[in-house]
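Here's the structure, in structure tokens; my notes come after.
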Amino acid sequence: GLIEFFDYDFGDTFTATVTDRSLVDFNGSLGLDPAQLQAFLDGFSIGSVTPPSGAGNGQVPWTYALVNDALDFLADGELVVLSFDVTVTDGTTSVVTTVTINVTGTNDGPSVVGGVFEGSVTEDSASDLVGASLETTGAFAFDDADWSDVHTVSRVTPAGGNALGGVLVATVGTAATGAAVGEVTWTYTVSNAATQHLGAGDSVEERFTVRVSDGRGGFVDQVVVVTVHGTNDAPVLTSSSGGFEERADTSLSFEARTVTGEMAFTDVDLSDVGHAAAVTGVSLGGEDDVLALLGADVLRDLLQITSVTKDAGDAGGVVKWSFSAPDALFDYLTSTQSVTLTYTVELDDGDGGVTTSEVVITVQGTNDRPQFLAGAVRLGIENLVEDFSGTLVFTDLDLDDDGHVASVAAPTASGRTAGLDLDALAGSLTVTGLSTGENRPGGTVSWRFDAADGAFDYLAAGERVTLAYEVTLDDGNGGTDTTT
């Protein structure tokens, strides 16, 4: 600007000086520190006097200048009023005028100056778990040239792609008052249950935009990124069972008896695929004394895993199995007996997660009828050899059948029968003993033929009669066999 003055004297020499620099008023809440005040006062300067030409007006130019950065601490609406007295003298007399300067602040938005903008948590990690949630924290610094602004976190906006439902809470922990740098602290939490579908090596990012506002329309946005890492969860395998009845009245059949089934499993790690299953052991229960003789390796091989399936993105899968064994292995079971084979199946997800469950196979016994190996034939001579005895051998693969009973039916005759009293011979063949017992695959029936004296006197020389007696063996469980 210009300060104009008037002088009537011709030829005077003029000088101008700043004789006073003063702060008139400042409406800021924090006041001015000495350096700031001095900068305001030093901003005023005057130039050389332009004297009047003859009697007239002279001029003193003045300038007020500050580096803009020096004013940044002024908040919106803050006002600094300054006065500067300029004295003009001609060497004899002087005149004083005052220049008033108003410096008005405008809003400067806050800015982020550093800190932690990223974090991470790991599923099921003890160091990250707080109750049922995973948690991580961080902080970042911000600054605001407007010293008196009061800052808040005005909003936290989750990114649209956030899939886990995590929450980030941010607050201003340290105010950016005066020359101090402020700090925003943030805490991220996510339900541990929401991360269970993540497998080993899987990770998901959750992004949040934190807005710091100065209350005067200025703000700054900062993105905070939290990476959630997965860990391996072992699969959970359900049990399964199957079974069949041994074939009734069928002995030593090597026809395969086959039963199939499946075991459902879940693996919350949706990306896990390539599960493998194996039969690792077997135990026996019930009537197992014969099967136990085969040994664990042979019994284990009777159950085979036929397939394991699970698709990426699915939590469920299936283990399919097949049990196959010759029917003859179970011939020893009676109709009231059964045997169980309990198989241990191990499921491995390929990432260190292993679980086991059981497949239980139950075989119900049925009755296998006894069988005579052969009948008996004896030859006699009238009045010389008319008494006979012998033994019939039988098998019964139901090892614990021990209530066998043998009976003899009335005979039939062939050959020279005229003159034969067949009724008198009905009781001539008798069962004299029966050998059987538990854990035996068979036994014997002892018999004796004892004809009445003279029963065959009617036969002439060279004539013959044949008597056929049917012997029936009953195992007491509905199984019978007959021989002659």
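The model shown is predicted, which means the values in this text are computed figures rather than measured ones. We're numbering straight along the sequence, starting at 1. Hydrogens, waters and symmetry mates play no part in the numbers below; they use all other heavy atoms, side chains included.
- Between Phe330 and Phe323, the ring-plane angle classifies as tilted under the 30° and 60° cut-offs.
- With 3.5 Å as the limit, one finds a donor-acceptor pair spanning the side chains of Ser324 and Thr258.
- Closest approach of Phe142 to Val181, counting heavy atoms only: O-CG1, 3.1 Å.
- Between Asp128 and Val121, the shortest heavy-atom distance links the atoms OD2-CA, 3.3 Å.
- Proximity of a side-chain donor or acceptor of Asp221 to a complementary backbone N or O of Thr209 within less than 3.5 Å is not detected.
- In this structure a side-chain-to-backbone donor-acceptor pair under 3.5 Å is missing from Trp447 to Phe388.
- Taking 4.5 Å as the limit, some side-chain heavy atom of Leu294 sits within range of a side-chain heavy atom of Leu329.
- The two residues Gly365 and Glu246 make their nearest non-hydrogen contact at CA-OE1, 3.6 Å.
- For the pair Gln364 (side chain) and Ser335 (backbone), a donor-acceptor distance under 3.5 Å is present.
- Within the 3.5 Å criterion, the main-chain N or O of Leu302 finds no donor-acceptor partner in the side chain of Tyr343.
- Taking CG of Asp267 as the start and CG of Asp314 as the end, the distance is 11.5 Å to the nearest 0.5 Å.
- In terms of modelled atom types and a separation under 3.5 Å, the side chain of Glu346 and the main chain of Ala278 share no donor-acceptor contact.
- Counted by atom type alone, Thr260 and Ser322 present zero donor-acceptor pairs between their side chains at under 3.5 Å.
- Between Ala409 and Tyr469 the shortest heavy-atom distance is O-CD2, 3.7 Å.
- Panel note: side chain Asp33, backbone Gln36; a donor-acceptor pair is recorded below 3.5 Å.
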